[in-house]
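A short worksheet on the structure shown next.
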Amino acid sequence: MQPTDSKRIPDPEMSQDEMKALQRQIADAACWQDTLSVNPEMIRWEPTETTKDTTQKTIDSSTSTTDIPNQDADETQPLVAGVDQAFRTEQSEVISAIVLTRGATVVDRIVAVTDLSIPYIPGLLSFREGGPILAAFEEISQKPDITMFDGSGRMHYRQAGLATHIGVVLDIPTIGVAKSLLCGTPESDTAQRPTGWQTQINADETVEDADTETVIGHALQTRQYDSRKIINPVYVSPGHRVSATTAVKITQALCDGYKLPEPTRRADAYADEIKREYSDN
DNA sequence: GCGACAG
DNA sequence: ATCTTGTCGC
């Protein structure tokens, strides 16, 4: 698919002031209300009910060990996309992967390898990774009903993190799931919480155009061990066309025993798989 | 100047 | 993000 808002594609050639100005435009165009193409309640990480199952599992041990795309998925289930990247530091290249799923079935996988120009700068992540991600979206077969990103959405200094930026440019519903907090203040202390626990993240003085009552996301404890070792929560924020509340619900529904939601995990594994193929050769 | 800072 | 062996626990 192609960008709907081609004038706002993150351009690494811009000056940092221009980047920030563009992010304010993105935040302005962003929608943090539920306008999904499907009922959010339908989004779940669940296997298709085994109806007339013709158990014929062709084992392609020659290729990948996991997630071999299966065309026979339940079309009534929402199409979920997970996006993540792997870096080839020495070569200054990024491998952007998108994994499409329905229920718990991987329907398709897309990968794009592109050059990396600007370094990572907190607050300007979309200008480093946005272009490469859009390159992968150009080759996507179907439009996802919801897309999960590694990073923030509205939980950002100018309320325009990676998930929001890509969401606005492609005009698709997106959610940002970050492993650490960029900005904002948790309503409650997030330390050592049980699985399923969550608290809202309020905007703080570092977030532009927002009062301290503005909820920019949530901290969500997606997993916790039964014993001593402690796992930190993930920070979920709406990207585009989803509310903060729905974003957490969807994220929770897409988790399956691990800290990170499945779409993200699959995309991460796929990007790593491709990266390995490069180093092996 | 000092501290904070998605991936 | 990435570099990496062993190691603690279920």
What is the distance, rounded to the nearest whole Å, between atom [atom1] of [X] and atom [atom2] of [N]?
X	N	atom1	atom2	value
A:Lys229	C:dC10	NZ	P	12 Å
A:Gln91	C:dA1	CD	P	18 Å
A:Leu182	C:dA1	CG	P	15 Å
A:Arg88	C:dC3	CZ	C1'	16 Å

- Convert the base pairs of DNA chain C into dot-bracket notation, remembering that pairs crossing earlier ones are written with [ ] and that bases paired across to another strand are shown as |; include only Watson-Crick or G-U pairs under 3.5 Å. ..........
- Should side-chain heavy atoms under 4.5 Å link Ile, Leu, Val, Met, Phe, Trp and Tyr, which residues sit in the same cluster as A:Ile216? A:Met155, A:Leu181, A:Ile201, A:Val207, A:Tyr235
- Item | Fellow cluster residues of A:Ile231, listed by chain then number, with links counted only when side-chain atoms sit under 4.5 Å apart | A:Tyr225
- Does A:Tyr270 have A:Arg109 sitting over its ring (NZ/CZ under 6.0 Å from centre, angle to axis within 45°)? yes
- Query: Is there a donor-acceptor contact under 3.5 Å from the side chain of A:Ser6 to the main chain of A:Pro3?
  - Reply: no
- If only atom types and distance count, is the side chain of A:Thr222 paired as donor or acceptor with the main-chain N or O of A:Lys259 below 3.5 Å? yes
- Message: Quick check: do A:Phe149 and A:Ile175 have side-chain heavy atoms less than 4.5 Å from each other?
- Response: no
- Indicate if A:Ile274 and A:Val94 have the same hydrophobic cluster label, given that clusters are the connected sets of ILVMFWY residues with side-chain heavy-atom separations under 4.5 angstrom. no
Scan side-chain atoms only and decide if [X] and [Y] contain a donor-acceptor pair under the 3.5 Å cut-off.
X	Y	answer
A:Asp204	A:Thr206	yes
A:Thr199	A:Glu187	no
A:Gln142	A:Arg102	yes

- Query: Can you list, by residue number, the residues of residues 151-174 of chain A that have a non-hydrogen atom closer than 4.0 angstrom to DNA chain B?
  - Reply: A:Gly151, A:Ser152, A:His156, A:Tyr157, A:Gly161, A:Leu162
- Message: I need the full list of side-chain hydrogen bond (donor to acceptor under 3.5 Å, both in side chains) pairs touching residues 239-253 of chain A, with sequence neighbours left out, sorted by first then second residue.
- Response: A:Asp34-A:Ser243, A:Asp34-A:Thr246, A:Thr35-A:Arg241, A:Asp171-A:His240, A:Ser243-A:Thr246
- Item | Range on DNA chain B touched by chain A, heavy atoms, distance below 4.0 Å | B:dC5 to B:dG7
Within the structure shown, what part of the strands sits under 4.0 Å from [X] by heavy-atom distance: base, sugar-phosphate, or nothing?
X	result
A:Phe87	sugar-phosphate
A:Lys179	sugar-phosphate
A:Ile133	nothing
A:Gly176	nothing

